[in-house]
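Below you'll find the structure, written out as structure tokens, and then a few comments.
Remember, predicted model here, so these are calculated numbers, not experimental data. Here is the naming used below: chain letters follow the sequence lines, and residue numbers restart at 1 for every chain.
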Protein chains: 2
Amino acid sequence: MTMSLSAELWPDVQPETARRLMLAGVEAFAKRGYHATTTRDIAGAAGMSPAALYVHFPSKAALLFAISRYGHEQTLALVENVVAKESDPVERIRLIVEDFVAWHARRHTVARVVQYELQALPEQEFEVVAELRRRIERIVRDVIADGVEAGVFTVSDAHISARAVLSLGVDVARWYSERARQTPTTLGKEYGGLVLRMLGAARPETPVTD
Amino acid sequence: MTMSLSAELWPDVQPETARRLMLAGVEAFAKRGYHATTTRDIAGAAGMSPAALYVHFPSKAALLFAISRYGHEQTLALVENVVAKESDPVERIRLIVEDFVAWHARRHTVARVVQYELQALPEQEFEVVAELRRRIERIVRDVIADGVEAGVFTVSDAHISARAVLSLGVDVARWYSERARQTPTTLGKEYGGLVLRMLGAARPETPVTD
């Protein structure tokens, strides 16, 4: 169970032991916070010795960095994939929001660590993650600016709007749980509609169809 | 400096020593998380002995509860004040968002503790805070539902929309800092405009004026 979950979360991480440690790290950090968690806690939860943990991650910070970096790489990939397959700004934003929101709902425990433990990263590692964040934000901002130029969005400030769009998605990680009324996919679609209206692209009376 | 800040944050809390401890608690919890902070750390940061802390707060959980409860009472008061002074649903939502967003920007360190350390509260204290949260969400949902009934908002689900409106405000606490490009008031106004469009109330071409 745990093994298949970790493989689903981090398909690119090998070996399985490293993924198991990342999963134990996510659970411990999400529950008690990074600073209150020891590598001994994490190793224990993964059924290993602290020495076995160090084989894969030289420090607790390295483990947090792996969780954070993969999370950011995955969300950046979602956004880049949409831009690669779709050229219309309205459809781009709709799909970006659908995927970004669904990711934060589906992966809400991982996402909480990814989004809320950034300040615990050492400076160099923080910089790597900050650059991934800037790339995500830049793509969203550019798509909004393209839409404004094309006359399909009407916003006064692409920077603030991009921040608000991503904010809606990030905050899903804070409140979403398995008890939520919407599935991740449904929530993504609802938020996609809300965001398009926020950007001035669509009202229910005048659906944007062409 | 610190004293006047604490009086500004919690005007209803007496004596000043209690406010000073709350401020030290906010700073420590925001920096390292609730679980990694000891009462000794907090007392030390406030220039007191742990015994002096216990005079005001019987436990670390009691201190967190005070911070969390006052924060939620303040944001509930903002929302209730708007509803008391304004009856138009569009203006109500605009002012609620302006005030709620500005509060989360201006008080971003306090707000981070208020919004992100909830799960550390003991069960009974959590229930008190959860009820305050439900009251805030209910008011926003009711204003949205009133607007839908009056034909000024067009949303399919007042519950999801209320969640999204509050989410935008809450997430400000995560990313806002003194280095942000907008003042809390300006950000509140920008978000007020974005939210009205999200609810289908206004487009730049067709301002809602009657």
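- Separation of atoms CG (Leu168(A)) and CG (Leu194(B)) is listed at 9.5 Å; rounding is to 0.5 Å.
- Contacts between Tyr191(A) and chain B at a heavy-atom distance below 4.5 Å involve the side chain alone, from C-beta outward.
- Interatomic distance, Ile160(A) CD1 to Thr186(B) OG1, rounded to the nearest 0.5 Å: 8.0 Å.
- In terms of non-hydrogen atom pairs under 4.5 Å with chain B, the most contact-rich of Ser156(A), Ala164(A), Ser167(A), Ala36(A) is Ser167(A).
- In this structure, the separation between CG on Leu166(A) and CG on Asp171(B) is 9.5 Å, given to the nearest 0.5 Å.
- If you tally non-hydrogen atom pairs under 4.5 Å between each of Gln182(B), Arg181(B), Glu190(B) and chain A, the highest count goes to Arg181(B).
- For Thr37(B), no part lies under 4.5 angstrom from a heavy atom of chain A.
- The number of heavy-atom neighbours closer than 6.0 Å to CD of Glu80(A), taken from other residues, nucleotides and ligands shown, is above 12.
- Closest of all the heavy-atom pairs between Arg197(A) and Leu199(B) is NH2-C, 3.4 Å.
- Looking at Arg174(B), its side chain never comes within 3.5 Å of a backbone N or O of Val170(A) through a donor-acceptor pair.
- Using a 4.5 Å cut-off between non-hydrogen atoms, the part of residues 109-140 of chain A that approaches chain B consists of Gln115(A), Tyr116(A), Arg133(A).
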